[in-house]
S.K.: 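For reference, the structure I am asking about is given below.
Numbers here are sequence positions counted from 1.
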Amino acid sequence: MDGFNQTNCLDVLLPTRQTLPFVFNSPHSGRSYPRAFLQDARLDSLQIRRSEDAFVDELFVNAVPLGAPMLRALFPRAYVDVNREPYELDPKMFRDRLPPFANVRSVRVAGGLGTIARLVGERLEIYGRSLEVSEGLERIETLYKPYHRALRDLLASTHLAFGHAVLIDCHSMPSCVRGHNGLQRPDFILGDRYGTSCSAELTEAAAGILTSMGYRVARNRPYAGGFITEHYGRPAKGLHALQIEINRGLYMDEARHCIHDGFKRMANDLTTFIRHLTAIPAQDLNDPAIAAE
């Protein structure tokens, strides 16, 4: 595509009537790439897509007819990562000086995975040139900030309508641990920032549902939740955020970047999971004792 603006960078999928106090969010499944960005990249079309949470929006989209809105990014994570602070920027990527408010020392910046990523996949460098600071700041203004405005609006309207809101942040992960001789990751990893971003009841319920369906579930390691989970999760105020990471090997061919026969089963299982998870009684989520854990 030629490029993004504030109106074509995201989708807000709304149910006919919102009946659930849940908001589903897919910030890393965007797969439309600006032509100029691809021309600047040192990587081929498959390499550049290794950072996508591929097809995750399609796996969770059945939440919408069940009564919950969904927000999804149309731009790729490799272009702008909305699961970071707004200005986590790597000075090594830019030819001119970054503004003083930029966070240049975060762990994510050091790993090449700031708001404007330097790397994808197996530590592959994206760019063959240094960027102008103005380029990075324009992406943040045009894509990052509208995305978070849309997410805040969905959570605020949900909280107003139901008295609380639950954000399910939807992600995927490589099936194997890099550098560990093919060591397989679990089927799901639930991230609640070590118990601080949502009620314990929500995490327990999610883990119990998935385990009962035969899946292997881990919590918080190595994915405890990123900026979105940490920033929006305020359980004491009735705002709960839970990150869900799905093992990509369950539903796609990671080398060829396409779905396989497991996709339909995973989509059906996630629909069942959503039905059960959204049936959690409101009083359990809003119990101050639970929220404080």
S.K.: Once salt bridge (Lys or Arg N to Asp or Glu O under 4.0 Å) is applied, what residue pairs with a partner in residues 95-107 remain, sequence neighbours excluded?
M.R.: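 Salt bridge (Lys or Arg N to Asp or Glu O under 4.0 Å) check on residues 95-107 returns R95-E132.
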S.K.: I'd like to check the ring-ring contact (aromatic ring centres under 6.0 Å, His included) partners of F162; sequence neighbours left out, ordered by chain and number.
M.R.: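 Partners of F162 by the ring-ring contact (aromatic ring centres under 6.0 Å, His included) criterion come out as none, since no residue qualifies.
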S.K.: Determine, for R118 against E125, whether the closest basic-nitrogen to carboxylate-oxygen distance falls under 4.0 angstrom.
M.R.: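 Yes, charged N to carboxylate O under 4.0 Å.
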S.K.: Identify, with sequence neighbours excluded, every residue that meets salt bridge (Lys or Arg N to Asp or Glu O under 4.0 Å) alongside R31.
M.R.: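 Result, salt bridge (Lys or Arg N to Asp or Glu O under 4.0 Å) vs R31: D57, E58.
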S.K.: Tell me which pairs pass salt bridge (Lys or Arg N to Asp or Glu O under 4.0 Å) where either residue lies in residues 224-246, with sequence neighbours left out.
M.R.: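 Found R193-E230.
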S.K.: Ignoring hydrogens and geometry, is there a side-chain-to-backbone donor-acceptor pair from H240 to L285 under 3.5 Å?
M.R.: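 Here the side-chain-to-backbone pair exists.
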S.K.: Can you sort out the partners of D2 under side-chain contact (heavy atoms from CB on, under 4.5 Å), two or more places apart, ordered by chain and number?
M.R.: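 Partners of D2 under the side-chain contact (heavy atoms from CB on, under 4.5 Å) test: R35.
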S.K.: Quick one: list whatever passes side-chain hydrogen bond (donor to acceptor under 3.5 Å, both in side chains) with N268, sequence neighbours left out.
M.R.: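 side-chain hydrogen bond (donor to acceptor under 3.5 Å, both in side chains) check on N268 returns nothing, list empty.
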S.K.: Not counting sequence neighbours, list each pair that qualifies as a salt bridge (Lys or Arg N to Asp or Glu O under 4.0 Å) and has a residue in residues 4-23.
M.R.: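 Non-adjacent pairs meeting salt bridge (Lys or Arg N to Asp or Glu O under 4.0 Å): D11-R72.
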S.K.: Applying side-chain contact (heavy atoms from CB on, under 4.5 Å), can you list everything that pairs with P281, at least two apart in sequence or on another chain?
M.R.: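 Expected list: Q283, D284.
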S.K.: Between E254 and R185, does at least one N-O distance fall below 4.0 Å, as a salt bridge requires?
M.R.: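 Looking at E254 and R185, the cut-off is not met.
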S.K.: Side-chain contact, heavy-atom cut-off 4.5 Å: Y79 with L38?
M.R.: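 In short, these two side chains do not touch, never coming nearer than 4.5 Å.
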S.K.: What distance do C198 atom SG and E204 atom CD have between them, rounded to the nearest 0.5 Å?
M.R.: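 That separation rounds to 10.0 Å.
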S.K.: Mind checking what makes ring-ring contact (aromatic ring centres under 6.0 Å, His included) contact with F227, not counting sequence neighbours?
M.R.: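 For F227 the ring-ring contact (aromatic ring centres under 6.0 Å, His included) partners, ignoring immediate neighbours, are H148, H231.
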S.K.: Among residues at least two apart in sequence or on other chains, which ones pass ring-ring contact (aromatic ring centres under 6.0 Å, His included) with Y223?
M.R.: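 Applying ring-ring contact (aromatic ring centres under 6.0 Å, His included) to Y223 gives none.
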S.K.: Could you list the residues that satisfy side-chain contact (heavy atoms from CB on, under 4.5 Å) with L71, not counting sequence neighbours?
M.R.: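 L71 satisfies side-chain contact (heavy atoms from CB on, under 4.5 Å) with L10, V12, N25, Y147, A150, L151, L154 once adjacent residues are dropped.
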S.K.: With sequence neighbours excluded, what pairs up with N62 under the side-chain hydrogen bond (donor to acceptor under 3.5 Å, both in side chains) test?
M.R.: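 N62 satisfies side-chain hydrogen bond (donor to acceptor under 3.5 Å, both in side chains) with T271 once adjacent residues are dropped.
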